[in-house]
Amino acid sequence: MMYHIGDLDNERLLDLYTGMLKPRMIEEKMLILLRQGKVSKWFSGIGQEAISVGVTTALKESEYILPMHRNLGVFTSRNIPLNRLFAQWQGKQSGFTQGRDRSFHFGTQEYKIVGMISHLGPQLGVADGIALADMLRRKKRVTAVFTGEGATSEGDFHEALNVASVWNLPVLFCIENNGYGLSTPTNEQYNCEDLADRAKGYGIESRIIDGNNILEVFCKVDELCKAIRRRPRPILVEFKTFRMRGHEEASGTKYVPEKLMKEWAKKDPIANYENFLLEKGILTEAKIEELKAAISEEINQNLDLAFEESPVSFDESKELSDVYQKFDYQDINPNSESKNIRFVDAISEGLEQSMYRHNELIIMGQDIADYGGVFKITEGFVAKFGRSRVRNTPICESAIVSAAMGLSINGMKVVVEMQFADFVSSGFNPIVNYLAKVHYRWNEKADVVVRMPCGGGVGAGPFHSQTNEAWFTKTPGLKVVYPSSPYDAKGLLNTAINDPNPVLFFEHKGLYRSVYGDVPTEYYTLPFGKANLMRKGNHITVVTYGAGVHWAMEILDKHPEIEVDLIDLRTLQPLDTESIYESVKKTGKLLVLQEDTLFGGIASDISAMVTEHCFEYLDAPIKRVGSLETPVPFAKALEENYLPKKRFETVLLELHAY
Ligand SMILES: Cc1ncc(C[n+]2csc(CCOP(=O)(O)OP(=O)(O)O)c2C)c(N)n1
Ligand SMILES: [Mg+2]
C-alpha cells in the first residue's frame, strides 16, 4: 500500500493511527463479550476503520455526520464517552436511547451524530435536509452521510442524490463498497463498474477512494470538504473496501470466497499503516504497546461502568409520555373581525400567517412555488417569502419527507404538501419509521406537518380519492388532524405548525371550494384533542369528522324528529374520548360515521373503547358506517354507492327505531 504524507505532521499521522486502533480494539473486545453472551448482536466494521476515522477527522465538530451500522470509528472519533456507548449497546439508561433502541440506532445533538434507522436509505435524505438548513442560514458547512453499496439500490439513494443536485446541497455522500450486502455480492446488487459513476447521471461530481488507505481517505476527503465549504455542492465518494466478517456475527462468511478474504486481509488498514509508521520511525514498538495499554485500560474501565449500571426499569407513564415531545399549547384568540371564506382560503391564510410568524418555517412540495400548488393554496407565496422558503420539489416523496426530518434536526420547521394524500405511500417509510419514532428513540423532535389533500366524492378514482388517516392513527408518535370547517382548518393548522411533533393534516378536497365559514382574519390557534359538539340531542350520539360532518348534517336536517349529539372529532390523534363517553352516557346510542372503508378504521376503535368504558349505558348495539370494502371507484354511480352517505341514513333510522 502506498502512503503519501503530504503536509501532514507527525501528530496528525499518529492521531489517525490511534483513531483506527481504538474502534478495532473495542470491536475485538465486543467479539469476546458476544461469545460470552454479554452482547446481543454485532455488526463488524473490522477492516473498514480507515473510512469512518478518515472522514470524521476531516469534518469539523460543528458539522453533522450520519453513520451506518459499521461506522464505530465515527462515534469514537467524535469522542463519545465509551461508557455511554457501551451502555447504549447493553440497553441501559446512560446510553443514548434509554434501552429503547439497539446498537448504532441513535443520534446525539451533543456530538452532531445522526444515527440510522434500520431501513438504511432514509438516512441519505435526512442529510439533504440538514445540509439545506445550513445552506439557508448561509453557513459554510459540510454534512457527511454514509451508505453501504447494498443500500444504493434503494430508491432513497437515487432520490437523495437527485434532490441534493437540483438544490446544490453541501452533502458528502459516502458509499462504503465492502463487496457484500448481507450475502449478496456486488454483481447481484448492481450492474455497472463503479457506483461512483451513478453521480454523473445526477449531475454531480464523484471520486473513487481506496477505503483501506487512511492517508488517502483523510487527505482526499479533507480536500473535498474544503471544496464544498468554499463552494457548496454535493459530491459522491465511493470507498473501495471489504467486509472482513459476517454481515453480523451470527450470519457467518461461508459464501465469501476464501481467496477474496486472503487478498483483502493483506490490505488491512491498520496493520499496513502501522508498518509504514514504524518504517518511517514515526512510531515504535514501545509506543504501540503504550497506546494499546492505554486504550485497553479505557475500554475496561468504561465497560465496568456500563456493566455496573443496573438494567433499565419500566415506567409505563414515562414510556408513554416520551413518545411525543412536550408541547406547551398557547391559546391565541385575537377577537379580530371575521370574514366568510372557503375552506381552501382558510388553509392558505393559516399557512401564510404561520410563515410570517416563524421565519424558519419552510414549505416543500410539488408545484407549490410559482404554480401555487395544484389546489392553489400557496399561490402568491413565492412573492412574499421567496423561493428558498417555498420550495418546489422533484417527484420524490420519500426523500422530501426525509429532508424535512433533516431540516427539523437542524432546527427548522417544515410543512410538506403532498400533492394528493394518496401519494403519501411513496413517503410512507420515513413518516412511520423515522418521524414517528425519533422522539421516543433518542429524544429528537420531528417538527414536520404533512398536509394531506384527501377524500372522495370528486370522481377522481382509486388514486386521487383516498382518505388514508388510518394508515397513520395506527402509528404511535404521529398526530392526526382532520378538520371539517374553515374555522377549524385555520386554527388547527396553526397549532399543527407550532407543535414540534409530526402532524398529518388531512384536508378534504371536496370541502375546499364547497364549504364556507366565518374565519377570524388574524392569526389564532385551536387546541388538539378537543372535539366539537355541533348539535345537541338526547336520542343518539353521532361521531364523525371531515366530510362526514357535512353528510351527517345534511341527513339530520331531513329528519328533525331525530335529536342527536353530533360530535365532530377534529383531531383523531389525540382523540377526545371524554366527549364521546359523556355523550354516550346521556344518549345510550352511538353511531360512528367515517368516509374510509370500515375495517381497521377509527370507527372500529371508537366502538371498542365505548364498549369497554360505557357498556352499562348502552341501549343498542354500537353502529359503524363507512365506505364499501373496495378501492375508491371512478364512475359517479359507483362512487356514490361506495361512499357511506346513503347507508348512514338507513342505519340512523334503524338505530332511532331500536
Ligand atoms: C429496507 C431494508 N431492507 C433490508 C434490510 C436488511 N438488511 C440490513 S443491512 C443489509 C445489507 C446492507 O448492505 P450494505 O448497504 O452493502 O451495507 P453493509 O452491511 O455491507 O455495510 C440488509 C439486507 C433492512 N435493514 N432494511
Ligand atoms: Mg456492503
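For ligands, and for the atoms within them, numbers begin at 1 and follow the listed sequence.
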| task | Answer yes if a protein heavy atom lies under 4.0 Å from atom 24 (C) of ligand 1, otherwise answer no. | result | yes
The protein heavy atom nearest to atom 15 (O) of ligand 1 is A151 N, 2.9 Å
Any nitrogen or oxygen of T147 lying under 3.5 Å from a nitrogen or oxygen in ligand 1? Just yes or no. no
Heavy atoms of K60 and R78 approach each other most closely as O-NH2, 3.1 Å
Before signing off on this row, confirm whether L120 and ligand 1 have an N or O atom pair separated by under 3.5 Å. no
task = May I ask whether atom 19 (O) of ligand 1 is less than 4.0 Å from at least one protein heavy atom?
result = yes
A student checking ligand 1 against L182 at a 4.0 Å heavy-atom cut-off should list atoms 11 (C)
shortest atom 1 (C) of ligand 1-to-protein heavy-atom contact is with H119 O, 3.8 Å
Of all heavy-atom pairs linking D422 and P462, the shortest is OD2-O, 3.7 Å
Honestly, for E149 the part within reach of ligand 1 (heavy atoms, under 4.0 Å) is both
Does E176 have a heavy atom less than 4.0 Å from any atom of ligand 1? no
*asked:* Which label fits W89 and W42: parallel for a plane angle under 30°, tilted from 30 to 60°, or perpendicular past 60°?
replied: perpendicular
Per-atom filter on ligand 1: closer than 4.0 angstrom to a heavy atom of N178 are 18 (P), 20 (O), 21 (O)
### Task
Name the orientation class of the two ring planes belonging to H247 and F43 (parallel below 30°, tilted from 30 to 60°, perpendicular beyond 60°).
perpendicular
For V74 and F146 the tightest heavy-atom approach is CG2-CE1, 3.9 Å
In this structure, CD1 of I362 is separated from CZ of R391 (nearest 0.5 Å) by 7.0 Å
- Query: Hey, do the aromatic rings of Y111 and F106 have their centres closer than 6.0 Å?
  - Reply: no
Logged contact type for M68 with ligand 1, heavy-atom cut-off 4.0 Å, is neither
H439 and E444, any side-chain heavy atoms less than 4.5 Å apart
no
Q) Are any of the N/O atoms in Y180 less than 3.5 Å from those in ligand 1? A) yes
Handout entry: Intermediate values then yes/no, side chain to side chain donor-acceptor pair (under 3.5 Å), Q48 and E176
Key = CA-CA 8 Å; Q48 300 180 218; E176 266 181 278; 2.8 Å; yes
All heavy atoms of R70 vs all of G246, minimum pair found to be NH1-O, 4.1 Å
Tightest non-hydrogen contact, residues L8 and R12, listed as CD2-CG, 4.0 Å
Taking both backbone and side-chain atoms into account, decide whether N177 has an N/O/S atom under 2.8 Å from the Mg ion (ligand 2). no
For Q48, state whether at least one heavy atom is located under 4.0 Å from any atom of ligand 1.
no
Scanning both residues in full, the closest heavy-atom pair of A470 with G601 reads CB-CA, 4.2 Å
Closer than 2.8 Å to the Mg ion (ligand 2): does that hold for any N, O or S atom in E149?
yes
among protein heavy atoms, the one nearest atom 21 (O) of ligand 1 is R70 NE, 2.8 Å
Between S118 and ligand 1, is there a nitrogen or oxygen pair with a distance under 3.5 Å?
yes
Item to check | Step-by-step ring-ring contact (aromatic ring centres under 6.0 Å, His included) determination, F423 to H464 | outcome: CA-CA 8 Å; F423 304 146; H464 290 77; 5.3 Å; yes
Exercise. From atom 5 (C) of ligand 1, is the closest protein heavy-atom distance below 4.0 Å?
Worked result: no
Closest heavy-atom approach to atom 16 (O) of ligand 1 among G179, G150, G246 is made by G150
Open item on the list: Protein heavy atoms near atom 10 (C) of ligand 1, is at least one of them under 4.0 angstrom away?
Closed with: yes
Honestly, for F43 the part within reach of ligand 1 (heavy atoms, under 4.0 Å) is neither
among protein heavy atoms, the one nearest atom 17 (O) of ligand 1 is G148 CA, 3.6 Å
For G181, the ligand 1 atoms with a heavy-atom partner under 4.0 Å come out as 11 (C), 13 (O), 16 (O)
**Message:** Quick one, K292 and M25 - any side-chain contact, counting heavy atoms below 4.5 Å?
**Reply:** yes
